[in-house]
2 protein chains.
Amino acid sequence: MPKPAVPAAVPSPFRSKAEREHDRAEKREAVLLAAVRMFNARGYHAASLDDVAASLGVSKPTIYHYLGNKEQVLVECVNRGLSMLREAADTAAGAPGSGHDRLRAFLLRYACINMDDFGRCVIRTNEEVLSMDSAIRFRARKREIDDAVRGLIAEGVADGSIAPVDVRFASFALAGALNWPARWHDPDGPLSPEEVAEKLVDIALGGLTPRR
Amino acid sequence: MPKPAVPAAVPSPFRSKAEREHDRAEKREAVLLAAVRMFNARGYHAASLDDVAASLGVSKPTIYHYLGNKEQVLVECVNRGLSMLREAADTAAGAPGSGHDRLRAFLLRYACINMDDFGRCVIRTNEEVLSMDSAIRFRARKREIDDAVRGLIAEGVADGSIAPVDVRFASFALAGALNWPARWHDPDGPLSPEEVAEKLVDIALGGLTPRR
DNA sequence: CAATCAATATACCCATGAGTATAGAAAATA
DNA sequence: TATTTTCTATACTCATGGGTATATTGATTG
């Protein structure tokens, strides 16, 4: 005898444990994004947590519930950006091709990250606003990225695909040229990050002096 | 009959009107310098006028006596830097030589200014911290400098001394590379601004791609 | 000498904003 | 159903710091 058919599933308002955890992670994410945008738009000190909360239609304790105090929020934003950069650096280190080609690929990604919410935050955050401890960790992580850039340049110089430049100053020059969009690029403007990245990288690598 | 000799002048503790005005100007200058250094070291919001006053061994009302409110202080600091840049731009515009040479000379000066107290302040000040009015004026003055850079690049492209680059992106790339020292250069470190400027300008203009 | 002005300090006011104590609602668990 | 946990808001505390009212001192000027 056939079992009676199970009635069609109704979308359940009751959430499983996994769903609840997912919800929580999603909210946390939204708070972080709202915060980083506020920090980028107004600067860390001028961006109040009340404003961040208001931009999400919640109240300040909600932010503390999900993320902790203001500096912890900033540190997490900055760490997001740094992780993206770190990943790009690792990818570049393991890629095939000449030093020049790998550097170029890395720089394109580097520039794009600097136009992303979290990447901008890395550039715009100065160590002075952080506690001593956080500042030290921040500096160390930035230093890793810088070392990766220098490594790529040095390899390019070694294999002849990059001119014999002073590696340190070359990394400063490149970093400056590609960090600057964090200040001026408008995500809602007509220029896509990829477009900007490509133009800037071409100029930074090629220079302005004519080749004949 | 000879007049009786005038006795030797004694250093007078009484100050003439001109001397008093000079004193005042000097004090005003000292306040401005103390302020810009504090702003550069801690960032505008984190730098309190109490701290600025304390660093001179005076009290807060003294700052108001000489300079006005906090934003006026910042605006004057920024204007100092902008005036230096403006002067450099005018000099470059009236100089002889190819576009490339004039651009190079200007950039050397530009980079040095960015490592000066007031120049750093121009770079490190974001419009968001200023009132609407000041921000508009600030942007306009920066735009003038940027236009000057673009003019020099365009002239270089026209006379063949600069490669046919996209003028706008070239100016962004150069500005970025040469603004960046405002963040990392340590005036008390071993690298002189002139040295840094020269190395960076050479790399920015020459690029990293080898020439054969 | 009187009146005034310049320069500076003390002591205050007040807004902002970080951070928290507390409470209540809803859901989960026992 | 009772209890605990999660989530969120209201309503506070408190420090910081911009800005000012007022007093004081000393020099300048009429």
Side-chain angles (χ1 to χ4, degrees), chain A residues 11-32 34-36 38-39 41-77 125 128-131 134, chain B residues 11-32 34-36 38-39 41-77 125 128-131 134:
Chain A
S12 168
F14 301 94
R15 324 226 58 184
S16 70
K17 185 158 187 192
E19 280 172 328
R20 286 202 314 277
E21 273 164 14
H22 176 267
D23 283 1
R24 185 181 166 102
E26 200 173 34
K27 288 181 186 172
R28 196 186 137 90
E29 208 61 24
V31 173
L32 203 63
V36 75
M38 196 66 77
F39 291 160
R42 305 198 184 162
Y44 177 72
H45 283 290
S48 80
L49 292 187
D50 280 313
D51 291 340
V52 174
S55 79
L56 289 164
V58 299
S59 66
K60 189 165 49 177
T62 300
I63 294 182
Y64 283 83
H65 184 68
Y66 287 101
L67 287 176
N69 72 24
K70 195 178 180 187
E71 185 179 337
Q72 286 164 357
V73 177
L74 178 63
V75 166
E76 175 139 1
C77 291
T125 297
E128 312 101 55
V129 312
L130 295 172
S131 69
S134 300
Chain B
S12 168
F14 302 95
R15 323 226 60 186
S16 71
K17 185 161 187 191
E19 282 171 327
R20 286 200 314 275
E21 273 165 14
H22 175 266
D23 284 1
R24 186 182 166 100
E26 201 174 31
K27 287 181 186 173
R28 196 185 136 90
E29 208 61 24
V31 173
L32 203 64
V36 77
M38 196 66 77
F39 291 160
R42 305 198 184 164
Y44 177 71
H45 283 289
S48 81
L49 291 187
D50 280 313
D51 290 341
V52 173
S55 78
L56 289 164
V58 299
S59 66
K60 189 165 49 175
T62 300
I63 295 181
Y64 283 83
H65 184 69
Y66 287 101
L67 287 176
N69 72 25
K70 195 180 182 188
E71 185 178 337
Q72 286 164 358
V73 177
L74 178 63
V75 166
E76 175 139 0
C77 291
T125 297
E128 311 103 53
V129 312
L130 295 171
S131 69
S134 298

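Atoms considered below: every heavy atom in the structure, side chains included; atoms not considered: hydrogens, waters and symmetry mates.
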**Study point:** Between C1' of D:dG18 and CG of B:Leu67, the distance in whole Å
**Key:** 15 Å
**Study point:** Length of the CZ-C1' vector between A:Arg28 and D:dC7, whole Å
**Key:** 15 Å
**Study point:** Under-4.0 Å side-chain N/O to phosphate OP1/OP2 contact, B:Arg24 with C:dA6
**Key:** no
Exercise for review: Specify the residues of residues 54-65 of chain B, ordered by number, for which at least one heavy atom lies under 4.0 angstrom from an atom of DNA chain D.
Suggested key: B:Lys60, B:Pro61, B:Tyr64
Review point. For B:Met38 and D:dT16, what is the distance between atoms CE and P respectively, to the nearest whole Å?
Key: 16 Å
Point to revise | Nearest heavy atoms of A:Val73 and A:Gly68, plus distance in Å | key: CG2-O, 3.9 Å
**Study point:** Side chain to side chain, A:Leu67 and A:Gln72, heavy atoms closer than 4.5 Å
**Key:** no
Review point. Which heavy atom in B:Glu128 sits nearest to a heavy atom in A:Gly43, and how many Å separate them?
Key: OE1-N, 4.2 Å
Point to revise | Selected nucleotide, minimal atom distance to B:Lys70 side chain, candidates D:dC7, C:dA18, D:dG19 | key: D:dG19
Study note, to complete from the structure: Dot-bracket for DNA chain C, 5' to 3', Watson-Crick and G-U pairs with both distances under 3.5 Å, [ ] for crossing pairs, | for partner on another strand, reads ||||||||||||||||||||||||||||||
Review point. Taking only N and O in the side chain of B:Tyr66, is any of them less than 4.0 Å away from OP1 or OP2 of C:dT8?
Key: yes
Review point. Under 4.0 angstrom, heavy atoms only, what part of the nucleic acid is B:Ala53 near: base, sugar-phosphate, or nothing?
Key: nothing
**Study point:** A:Gln72 CD - C:dA18 P separation (whole Å)
**Key:** 14 Å
**Study point:** B:Glu76 (side chain) donor-acceptor with B:Leu32 (main chain) under 3.5 angstrom
**Key:** no
Point to revise | Non-hydrogen atoms of A:Val31 and A:Val52 that approach each other most closely | key: O-CG1, 4.3 Å
Revision key, fill the gap. In whole angstroms, the gap separating C1' of C:dT16 from CG of A:Leu49 amounts to 13 Å
**Study point:** pair B:Thr125-B:Tyr44: side-chain heavy atoms closer than 4.5 Å
**Key:** no
Review point. What's the CG-P distance between B:Asp51 and D:dG17, to the nearest Å?
Key: 7 Å
Review point. Between A:His45 (NE2) and D:dA15 (P), how many Å, whole number?
Key: 19 Å
Exercise for review: Specify the closest pair of heavy atoms between A:Asn69 and A:Tyr64, including all atoms of both residues, with the distance to one decimal.
Suggested key: CA-CE2, 3.6 Å
Check your understanding: Between A:Ser59 and A:Ala53, what is the shortest heavy-atom contact and its length?
Key -> C-CB, 3.6 Å
Point to revise | Candidate list A:Lys60, A:Arg42, A:Lys70, test salt bridge (Lys or Arg N to Asp or Glu O under 4.0 Å), partner A:Asp51, passing option | key: A:Arg42
Check your understanding: Please give, in whole Å, the distance from C:dT20 C1' to A:Asn69 CG?
Key -> 12 Å
